[in-house]
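For reference, the structure discussed in these notes is given below.
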Amino acid sequence: GNVAFTAPVGNSEGAEAVGDALREVSALLGVEAAALEATLCRRSMKVRDGGAAQRTISQTRTTNQATDGRDALARHLYGSLFAFAVARVNDVLGVGGGGGGAGAAAEEALPFVGVLDIFGFEFFEHNSFEQLCINFTNELLQQYFNEVIFEHEAALYARECVQWNPEDFPDNKAVVELLSGASDGRRKRVSGIGGLGGGQTAELSGILPMLDEECNVTGGTHETWCRKLAVKYGMNRLFQEVLIRRNHFVVRHFAGPVEYASDEFLAKNKDELSPDVLECMRESSKAFVRLRFQEHGRTFGTQTAAATGRVTRAKAYSVSSEFQQQLTDLMAGIRKTSPHFVRCIKPNPQSLPRKFHRRSVVEQLRYQGVLEAIRVSRAGYPVRQWHREAVLDFRCIAPKGQKLKRRLEVEVGRGGVAGGGRAPL
């Protein structure tokens, strides 16, 4: 972010780097300063000359576009370095190491204890794209928590022969689908013959998929995106357009309603990493930099399959699509484990001893899903007693003169049914 740009003299639509930051960054990355500046300030495109021949043309970029490209490069570099650091730590710990054979298989089969420290539900005076992504994560984790509790309760009720209605349990599936789109695949693009041209796009659903689509539309703005959301979800009880503040909308999350300001959504979601920048990084004189960009490269433009000749368009990247893919991988890993949930509550914002801030605690209980967890528990049979306690409390209602009554009295007198105290009734 230290590299700055300005418009050249006589060209308000162009951009050039200013200051010494570009030279320092180029030295660290092992590339020529002029080459890096050219990839950030200009964009090359391949076009057809009527027939099959292609030629490359170069187009200048504005200072805003150059800045977006710089930020995209910084994010991509940070992400690849973070992935490298995590992979090295896992290699040292023996988790999914790079080796093969029976030894590696035995390593992967070993049990492990993982700790997922999640960011809590966020609700500020001004909420933007980051808060929506964080709250979407919490929605998925809350959905998983509901599933775990539901399965546990279902198994317990079946074991105890207790009649219950599964539909009584809370479910946040509707808000998850509001954010990520319909789960039946209706939001996917339907391609025409050959993968290009003549294709039709099924109606999009989901706030994040519609955001990606608006980012890819020429001239798309946050105003038009908000209008499209209002048209599609105007009758949805989980979505509400804020009439007194233009381009604001409310999503009713499991923890409560949150108002989002859409003005920066498109700018934060766009990924302006260009193929020119990636090509420049792959030619770095430093092997470490080259390897990072080879491991986390991207495909641009159209690709032709050698076997079938089918032409397909490369995937359009965005911050939200990459974030959702990371969440998918995270949830796939979590579902392979036996989870235990720990909720941490701070007694006061100042972290002082012997001080209880009621409002802060209530907000944490609400936004960390604790109240929702209680709601899930109350949907079943929340009051549980140990077996012996239940027998001692309710043996008096057994019919007199029956064998059951006499048997209970004898067992209690002998200290029986104590073994049943290990499990709740």
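- Remark: His126 NE2 is packed, more than 12 non-hydrogen atoms of other residues, nucleotides or ligands lying under 6.0 Å away.
- More than 12 heavy-atom neighbours from other residues, nucleotides or ligands sit within 6.0 angstrom of CZ on Arg335.
- Ring pair Phe121/His253: centre-to-centre distance below 6.0 Å.
- In this pair, Tyr233 and Phe239 present their aromatic rings tilted. The plane angle is within the 30 to 60° band.
- Side chain of Glu153 to backbone of Phe150: no donor-acceptor contact under 3.5 angstrom is found.
- Salt bridge status for Glu213 with Lys228: absent, with no side-chain N to carboxylate O gap under 4.0 Å.
- One side chain, Ser128 or Lys268, offers a donor N or O that lies under 3.5 Å from an acceptor on the other.
- Within 6.0 Å of CZ in Arg61 there are more than 12 heavy atoms belonging to other residues, nucleotides or ligands.
- Judged as a side-chain hydrogen bond (donor to acceptor under 3.5 Å, both in side chains), and not counting sequence neighbours, the contacts of Arg42 are Ser58.
- At most 12 non-hydrogen atoms from other residues, nucleotides or ligands lie less than 6.0 angstrom from OH of Tyr78.
- Judged purely by distance below 3.5 Å, without hydrogens or angles, the side chains of Asp212 and Asn269 pair a donor atom with an acceptor atom.
- Within a 6.0 Å radius of CD in Glu32, other residues, nucleotides and ligands contribute 12 heavy atoms or fewer.
- Between the side chains of Glu139 and Asn172, a donor-acceptor pair is found at a separation under 3.5 Å.
- With ring centers used as reference points, His76 lies under 6.0 Å from Phe293.
- Arg227 forms no cation-pi arrangement with Phe249, by the criterion of a distance under 6.0 Å to the ring centre and an angle within 45° of the ring axis.
- Salt-bridge check for Arg88 with Asp91: failed, with every basic side-chain N at 4.0 Å or more from each acidic carboxylate O.
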